[in-house]
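Working notes for the structure below.
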Amino acid sequence: MPDPKLSFHGAAGSVTGSCFILEAADRRIMIDCGMFQGSKSEKELNYRPFPFDPTEIDAVLLTHAHIDHSGLLPKLAKEGFSGPIYATRPTMELCGVMLQDSGHIQESEVKQLNRRSRRRSRAPVEPIYTADDARMVMPQFISVPYLQWRDMGDGIRFRFWNAGHMLGSASIEIEVAGADDARRLLFSGDVGTRFKLLEGLPQAPSGIDYLICESTYGDREREDLTQDARRDRLKAIVAKAHSPSGALLIPSFAVERTQEVLTDLIALMDDGSLPRLPIMIDSPLASRATEVFKAQAGELANAAAFIRALNAPNVRFTESAEQSKALDLVRGFHIIIAASGMCEAGRIRHRLRNWLWRPECTVLLVGFQASGTLGRILQDGARVVRIQGDEIQVQATIVAFDAYSGHADASDLEEWVSARAPIGKGVFLVHGEPEARSALTSRLSKSLNVPVIEPRLDDSFSLTREGARLIEDATHVRLAPEQLGRPDWHNDFQRFVLDLSDRLSQAADQKGRAVILRKVRRALDPGEEDIKARENHNAMH
């Protein structure tokens with residue numbers, strides 16, 4: 001029997017697009033099928049063909065419902081995958097609302113893009129998939145409880161462990177029988193933190209051969225804030241943001257992050273630490289996801305506080321576009337929580353467009369901001385941004401508060417990996433930007449006696465008895481490593497356009513602006529200025 005083969009078709013050098021394929025015993029099992037986010041170069045991968053044949057995938061094992069792990073499942077099915085998708089019950093229920101919302105957003109954004117493209121005589125584009133495509137994939141889901149072995153045939157079985165990242169999240173243990181011995185693999189999924197409001201501690205087995213581990217926060221340490229300390233910090237942020245004519249905007253992932261922040265805000269208002277301020281949840285997805293959370297409340301820690309927050313009299317969920325637009329008319333200080341968490345899509349972009357230029361606004365970032373996203377650009381201190389074609393001066397206060405992150409930090413990850421010992425063959429680090437992966441590699445290499453590997457996008461490895469062996473095959477490489485997990489030329493171009501506009505506006509007069517433009521033109525075509533200079537010289541003599 002040949003050795004199992006593991007391929008990395010996403011989250012290899014960046015934090016999105018999670019997608020791995022395990023080939024064993026003539027079966028192809030996919031772990032996650034996530035959407036790429038971040039720079040335009042990475043997001044463009046979502047539109048390209050898969051680097052494999054979807055009809056040859058036998059089954060999908062899903063770690064959790066976040067779009068960077070599940071978001072391309074409708075595309076996979078649309079292109080021929082007809083097998084089962086195994087997930088926990090909460091993950092299945094959340095995918096039922098999240099994937100349809102993703103399809104709806106794509107239809108809406110493509111419609112707007114094609115409207116602009118017609119004016120520019122550009123060819124129209126199609127959405128990656130539609131809301132109907134997302135609905136059609138749901139019958140393929142099969143729910144599996146935590147800790148229950150599921151036999152997939154041909155000597156392959158798996159079980160889910162609670163990863164503590166979000167409702168329904170799982171680490172996946174896979175056992176592949178062999179002629180001489182079994183190979184045990186563990187896919188971490190996203191590993192939770194020790195102080196998650198609605199989740200318990202992450203769980204996973206020990207004594208495995210190969211560990212595939214996330215590294216999102218592999219290069220940083222967060223303060224380990226207890227519930228009381230986190231709420232105290234949130235109270236201080238809200239109090240500082242309070243302005244009679246202002247707003248606190250919280251870009252937030254619609255699933256779990258919104259529910260956590262809302263629960264803490266209401267707890268602070270209930271005990272008198274904050275006044276009873278209006279809170280608007282401006283996300284239809286968050287509304288539908290919250291219903292799933294209510295139905296699965298038995299799975300949550302602090303469920304009573306969560307339910308109390310939902311029933312608070314000052315909390316309002318907007319549903320229709322008209323209700324969302326009406327928020328522009330709200331007077332007096334208020335709090336708006338809206339998706340998406342990285343400011344890349346959804347209603348938060350309208351809210352930011354309406355508020356970023358106002359000094360009485362505060363934007364609170366409560367999650368990881370991938371490189372190249374608008375959220376990351378704001379977090380890094382940009383003073384001018386473009387949203388929906390408009391150039392906006394950033395006068396709002398930008399605050400990053402990562403205590404709500406669902407990801408373990410570097411110390412937590414090291415501790416979690418150590419608890420998996422003995423690890424027999426090797427560790428693969430995925431789901432991290434280059435600096436984060438490198439830092440965690442250095443950290444783990446000091447304590448582990450097995451190789452720590454940083455796979456590149458579309459790398460494949462043979463999982464031998466002696467260890468992982470890279471299979472040299474560059475035919476399917478879609479992006480070079482230096483193009484992943486970093487801003488791309490689109491980001492550089494937008495920054496250049498904004499800087500040029502700012503420089504022109506600061507020029508003293510028409511002559512000053514002409515000098516700036518002449519320098520830019522000379523940079524674009526160095527020879528053109530020399531030709532004109534010679535022509536002028538000849539004309540004068």
Side-chain angles (χ1 to χ4, degrees), residues 65 89-91 93-94 96-98 101 166-169 195-200 226-235 237-239 241-242 247-327 329-341 346-348 351 364 366-367 401 403-404 406:
R89 169 64 65 175
T91 293
E93 298 293 339
L94 287 169
V97 297
M98 294 181 71
D101 181 77
M166 64 169 287
L167 179 64
S169 64
F195 290 119
K196 285 281 288 179
L197 175 65
L198 302 178
E199 303 296 331
T226 63
Q227 177 174 289
D228 288 344
R230 184 184 65 244
R231 288 177 177 172
D232 283 346
R233 189 75 59 82
L234 180 62
K235 176 181 70 174
I237 292 170
V238 176
H242 197 287
L248 173 62
L249 302 185
I250 306 179
S252 179
F253 302 107
V255 178
E256 190 129 325
R257 195 67 44 80
T258 291
Q259 291 77 16
E260 289 174 324
V261 174
L262 176 63
T263 300
D264 274 356
L265 285 171
I266 294 303
L268 289 168
M269 294 175 190
D270 283 348
D271 69 15
S273 298
L274 287 175
R276 188 70 65 177
L277 301 165
I279 302 175
M280 289 77 166
I281 312 298
D282 188 27
S283 168
L285 173 59
S287 300
R288 293 192 290 272
T290 297
E291 292 302 313
V292 175
F293 273 72
K294 287 170 64 176
Q296 301 287 335
E299 303 287 330
L300 300 174
N302 294 302
F306 166 64
I307 297 298
R308 186 165 61 251
L310 295 183
N311 296 325
N314 57 316
V315 176
R316 172 181 158 199
F317 287 81
T318 64
E319 293 292 342
S320 67
E322 289 71 23
Q323 289 175 322
S324 178
K325 292 175 183 176
L327 296 182
L329 306 176
V330 175
R331 297 292 175 261
F333 183 76
H334 56 285
I335 300 171
I336 299 178
I337 306 175
S340 69
R347 293 179 176 179
I348 190 61
R351 306 271 78 85
L364 175 59
V366 292
F401 184 39
Y404 289 98

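All residue numbers refer to positions in the sequence shown, counting from 1.
In this structure, L327 and R347 have side chains that are not in contact, with every pair of non-hydrogen atoms separated by 4.5 Å or more. Residues D270 and R276 are in side-chain contact: their nearest non-hydrogen atoms beyond the backbone lie under 4.5 Å apart. Looking at K235 and V238, their side chains never come closer than 4.5 Å, going by heavy atoms from C-beta outward. Side-chain atoms of K294 and E291, non-hydrogen and from C-beta on, do get closer than 4.5 Å to each other. Residues L197 and Y404 have side chains not in contact (no heavy-atom distance under 4.5 Å, counting atoms from C-beta outward). Contact annotation: the side chain of F253 never approaches that of V366 to less than 4.5 Å [non-hydrogen atoms, C-beta and beyond].
D264 and L234 get closest at one heavy-atom pair: CB-CD2, 3.8 Å. Minimum heavy-atom separation, L364 to P251: O-CD, 3.1 Å. Residues F317 and L310 share a closest heavy-atom pair of CZ-CD2, 4.1 Å. Minimum interatomic distance between P284 and E319 (heavy atoms only, all atoms of both residues): CG-O, 3.6 Å. The two residues S283 and T318 come nearest to each other via the heavy atoms N-OG1, 3.9 Å. The two residues A254 and Q259 make their nearest non-hydrogen contact at O-NE2, 3.1 Å.
Under a 3.5 Å cut-off, the side chain of S252 and the backbone N or O of T258 do form a donor-acceptor pair. With hydrogens and angles disregarded, no donor-acceptor distance shorter than 3.5 Å links the side chain of R257 to the backbone of V255. In this structure, D282 contributes its side chain and S324 its backbone to no donor-acceptor pair below 3.5 Å. Remark: the backbone N or O of L167 is paired with a side-chain donor or acceptor of E199 at under 3.5 angstrom. The closest donor-acceptor contact from the side chain of T91 to the backbone of G168 lies under 3.5 Å.
Between K325 and E322 there is no salt bridge, since no side-chain N of the basic residue sits under 4.0 Å from a carboxylate O of the acidic one. Salt bridge annotation for R89-E299: absent, with no cationic side-chain nitrogen under 4.0 angstrom from a carboxylate oxygen.
Side-chain atoms of S273 and D271 form a donor-acceptor pair, as typed in the model, at a separation below 3.5 Å.
Of the inter-residue distances, the one linking K196 atom NZ with N302 atom CG reads 11.5 Å to the nearest 0.5 angstrom.
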